[in-house]
Amino acid sequence: MSGRKRIQVDESEWFRIQREASRQKDVLRKVPSMIREIRRQTHDDLERVFGVMEDRQRSVEQVVEGLSEQTRRLETETQQRLRAQARRMAEDLRATTEELRGDMRRQLDDQQRRLRSEIAAEREQRRADIRRLNTELGELVQDREHAAVVARAALSDARAMHGLILGTLPHERYAPGRLRSLEATLDRAGDNIAQGRFDAALATAQAAYQELSELRLELEHREREREVLRAQARGELLLVHLLIEDSAMQNVRDEHGEVLDGYDLDVDYWTHGEFTALRQETEELQRRVEDDERPLSADELRELLEHRAPALQERLTRLVERAGGRQLASQQRVNLAETVVRTLESMTAYELDATTYLGGDQRDSFFARLVHGNRNAIVVEVAPAGPDSGASVLRVLSYDHDTAARTELEERGAGLMRALRGQGFPAAVPQEEAGTPDPKYADFTALSEPKALSGSEPRALPDSEPPTLSHTEPRALPQAATEAEPG
């Protein structure tokens, strides 16, 4: 008859809920101190953005000084409006560095809506100003000689605006090819002047100037928006990065959520490297935000802020929870094995001989071997019932040199079930498995080797070195003469 008995033991739902709650506390426990670092970085980033804007404004003022009188007056008025907008934005954004995440995003959205409204209003104002300027210039053209002067001045102003955009704004990023097209328009105006067609030259130069003026405003606002989003994205990713670094080693908690002194939880080990993958993904996003060769667009930065960064933090919370659950499940497998061993020792003349993990991996099945004076052996295996199920499968494998009676094996299984239930383990009725126990399970030296029994039941989890810190190990059976220490 078979010497294999199988009993499934389910984890309490209450234990699971308590564990999830305690892991959430661990992940978020240092958020307030992290926020201070994020505020500092965001403040510095915004000051850098405002500094670049101020430098660009000074470049604009230098160009404006060289424009014709009418155009200089128009650009001076525009600069005053732009500076007022920049000051309002700076004040608003400095205030939002004191806000936290959801509120900060909401305020930024409000600012962007206000900015887009201001851009539209500024565009209409510019068009009205330029129409007024064109009317003034038209009235000045009284003779051919004066027309030549006015046309050359208009072309000079347009070329100055073209050079300003070319030297200070990322025109190819936001309006590829448009500046080259306007340069060709200016060349046509120059050809008209060379041919003495001053009226045509003036009209062409004025139209080009209007387009260039609107292009400068558009580029200025779009670059300002992108840089502000970029500063906020840095802050969001910094929060995720700090949480990841802080979460790598966690407190170990028991089934009641109480911290166990002297034990740590290596999150990467218990998640089979998923924690490292999350860290690498976060670092790659940080590199992308800093990449000036392939800069992220405003839409990409907004998507990062609204979706990707929050998703990374949610994944981190789940990984820490999963790691804690797996370590607790591993400890519960040891505890279950201890109960089974003590029960068998009380029921039989067997004594504990050795313990080990499958493949030396604490995340996999735990084994205990009992021996009898007549060289018979019993191997107790406690395996995960399924990935992160919280349930365990208990197998009792009997290796008898003589023939054990069916009633003896049945009584052994029933006695184990009663003992487990008596100690609070929700054990199912034992089931007899077909066949005889594989001798490999009795060889603990081979069983503890990496890739042990690969491809046969129970299957080993993917290979990974156990943690080097001994205090990450579940507490082993106290009386075990362990052949293969895990990690």
Side-chain angles (χ1 to χ4, degrees), residues 53 55-86 118-224:
M53 289 166 53
D55 291 343
R56 195 154 53 229
Q57 294 303 317
R58 283 192 285 271
S59 297
V60 171
E61 288 168 359
Q62 292 175 2
V63 171
V64 167
E65 287 300 315
L67 298 178
S68 62
E69 180 181 350
Q70 291 87 350
T71 308
R72 183 169 62 249
R73 186 174 69 246
L74 175 118
E75 290 300 334
T76 299
E77 292 171 357
T78 298
Q79 282 301 104
Q80 290 172 348
R81 290 195 297 268
L82 286 176
R83 280 187 177 277
Q85 289 177 10
E118 290 176 351
I119 290 172
E122 180 66 29
R123 182 178 290 114
E124 289 304 313
Q125 182 64 49
R126 288 287 296 175
R127 289 173 179 171
D129 290 344
I130 289 174
R131 284 195 298 270
R132 174 171 51 83
L133 174 63
N134 291 344
T135 300
E136 293 174 359
L137 290 175
E139 292 172 353
L140 290 174
V141 180
Q142 299 172 354
D143 53 40
R144 182 177 176 81
E145 182 177 346
H146 201 171
V149 172
V150 172
R152 289 191 179 98
L155 179 58
S156 175
D157 290 345
R159 287 198 183 280
M161 184 62 67
H162 178 279
L164 176 66
I165 295 171
L166 181 66
T168 64
L169 289 166
H171 56 92
E172 285 298 317
R173 178 182 302 164
Y174 300 114
R178 192 169 168 189
L179 200 60
R180 289 194 300 273
S181 175
L182 287 169
E183 184 178 10
T185 301
L186 296 179
D187 289 340
R188 287 198 303 274
D191 292 341
N192 287 333
I193 289 175
Q195 296 168 13
R197 301 171 58 195
F198 300 120
D199 288 349
L202 177 59
T204 302
Q206 287 174 336
Y209 183 86
Q210 179 169 342
E211 286 194 53
L212 287 163
S213 182
E214 289 192 6
L215 177 61
R216 180 172 78 88
L217 288 177
E218 178 185 347
L219 297 177
E220 180 74 39
H221 284 302
R222 291 184 67 177
E223 180 65 359
R224 184 187 303 177

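Hydrogens, waters and symmetry mates play no part in the numbers below; they use all other heavy atoms, side chains included. Counting from 1, the numbers follow the sequence of the chain as shown.
Salt bridge R56/E223: absent, no basic N to carboxylate O contact under 4.0 Å.
Atom OG1 of T168 sits about 11.0 Å away from atom CG of D55, to the nearest 0.5 Å. Atom-to-atom distance recorded for N192:CG and D187:CG is 11.0 Å, nearest 0.5 angstrom. Distance check: L179 CG to E211 CD gives 11.0 Å after rounding to the nearest 0.5 Å. Taking CD of E183 as the start and CG of L212 as the end, the distance is 10.0 Å to the nearest 0.5 Å. One distance of note links CG of L155 with OG of S68; it measures 11.5 Å at 0.5 Å rounding.
E172 places a side-chain heavy atom less than 4.5 Å from the side chain of R180. No side-chain heavy atom of L202 sits less than 4.5 Å from a side-chain heavy atom of I193. Under the 4.5 Å side-chain criterion, counting only non-hydrogen atoms from C-beta, H171 is not in contact with R178. Between M161 and D157, the closest side-chain pair of non-hydrogen atoms is not below 4.5 Å. The side-chain heavy atoms of E65 and E61, taken from C-beta on, include no pair separated by under 4.5 Å.
There is no side-chain donor-acceptor pair under 3.5 Å between E218 and Y174. Side-chain atoms of T185 and R188 include a donor-acceptor pair closer than 3.5 Å.
Here the side chain of T76 pairs a donor or acceptor atom with the backbone of R72 at under 3.5 angstrom.
Minimum heavy-atom separation, A151 to A201: CB-CB, 4.2 Å. In this structure, A175 and L215 approach most closely via the heavy-atom pair CB-CD1, 3.9 Å.
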